[in-house]
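A quick write-up on the structure given underneath.
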Amino acid sequence: MPEAAETPKKVIPLSEISKHSSRDDLWVAINGKVYNISKFVYEHPGGEEVLLDVAGKDATQEFEDVGHSEYAVEILDQYYVGEGNPEELKINEKPLGVAEFDSSSDSSSSAVKLFLIAAAIAAAAFYYTKVN
Ligand code: HEM
């Protein structure tokens, strides 16, 4: 029996996603993944209308623009149906929901600054002891 891990992921072309564009059969692509949110349409805190606007389409930009919470990203998981075709869809480099918290590059550059300041103080102290 083949291992589950060997099963190739189902890739859903945009042409397939676009067939599901009605209120009762509503698929969207977000960040390269495809979701069947038919059961969520009525529950959406942002209303049905915005979801109908992106029905059967790539909703990555619209989803991001609202600045949805991490909770909203978690909700998506339960409606996952498969992977979209990366050549047809928008994929954000940073994972959804964590973009504004990624400060890793800032913290490393401030560590370098701190080191340079410490080195400058050490050099000044060394010079001071030499001239006096
Ligand atoms: C397809 C998956 C989506 C899920 C699971 C989802 C989920 C949610 C959740 C949980 C909230 C409450 C606030 C939060 O926790 O961020 C929310 C608010 C909102 N959503 Fe979505 N959303 C989706 C797609 C969209 C799209 C495509 C739009 C398009 C414009 C949109 C527009 C909004 C707006 C405007 C609000 C704010 C409502 C308010 O605070 O008055 N959502 N959504």
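Numbering of residues begins at 1 and proceeds along the displayed sequence. For ligands, and for the atoms within them, numbers begin at 1 and follow the listed sequence.
Taking both residues in full, the closest heavy atoms of Ser38 and Asp25 are given as OG-CA, 3.5 Å, listed atom of the first, atom of the second, then distance. Taking all atoms of both residues into account, the shortest heavy-atom contact from Leu89 to Ala29 is CD2-CB, 3.8 Å. Looking at every heavy atom in both residues, Val11 comes nearest to Pro13 through O-CD, 3.6 Å. Taking all atoms of both residues into account, the shortest heavy-atom contact from Arg23 to Val41 is O-CG2, 4.0 Å.
No part of Asp65 comes within 4.0 Å of ligand 1, judged by heavy-atom distances. Residue Tyr79 does not touch ligand 1, judged by heavy-atom distances below 4.0 Å.
If you look at atom 21 (Fe) of ligand 1, the protein N, O or S atoms less than 2.8 Å from it are His44 NE2, His68 NE2.
When only non-hydrogen protein atoms are considered, atom 16 (O) of ligand 1 lies nearest to Ser69 N, 2.8 Å. Looking from atom 4 (C) of ligand 1 to the surrounding protein, the closest heavy atom is Phe40 CE2, 3.4 Å.
The shortest N/O to N/O separation between Tyr71 and ligand 1 does not fall below 3.5 Å.
Note: Tyr80 and Tyr35 have perpendicular aromatic rings, judged against thresholds of 30 and 60 degrees for the angle between ring planes.
Not a single protein heavy atom sits closer than 4.0 Å to atom 40 (O) of ligand 1. Using a 4.0 Å threshold on non-hydrogen atoms, atom 1 (C) of ligand 1 counts as touching the protein.
Side-chain contact between Val54 and Phe63 is absent, with no heavy atoms from C-beta onward closer than 4.5 Å.
Under a 3.5 Å cut-off, the side chain of Asn92 and the backbone N or O of Asn31 do not form any donor-acceptor pair.
Remark: Tyr42 OH is packed, more than 12 non-hydrogen atoms of other residues, nucleotides or ligands lying under 6.0 Å away.
A distance of 8.5 Å separates NE2 in His44 from CD1 in Ile75, rounded to the nearest 0.5 Å.
Heavy atoms of Val73 stay at 4.0 angstrom or farther from ligand 1.
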Going through the checks in order, is the side-chain contact (heavy atoms from CB on, under 4.5 Å) test met by Leu26 and Leu52? CA-CA 8 Å; Leu26 203 164; Leu52 286 166; 4.0 Å; yes

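Within ligand 1, counting atoms from 1 as listed, the ones closer than 4.0 Å to a heavy atom of Ile30 are 1 (C), 2 (C). Short contacts between ligand 1 and Ile37, defined as distances under 4.0 Å to a heavy atom of the residue, involve ligand atoms 1 (C). The ligand atoms of ligand 1 that sit less than 4.0 angstrom from a heavy atom of Val54 are 27 (C).
A donor-acceptor contact closer than 3.5 angstrom links the side chains of Thr60 and Asp58.
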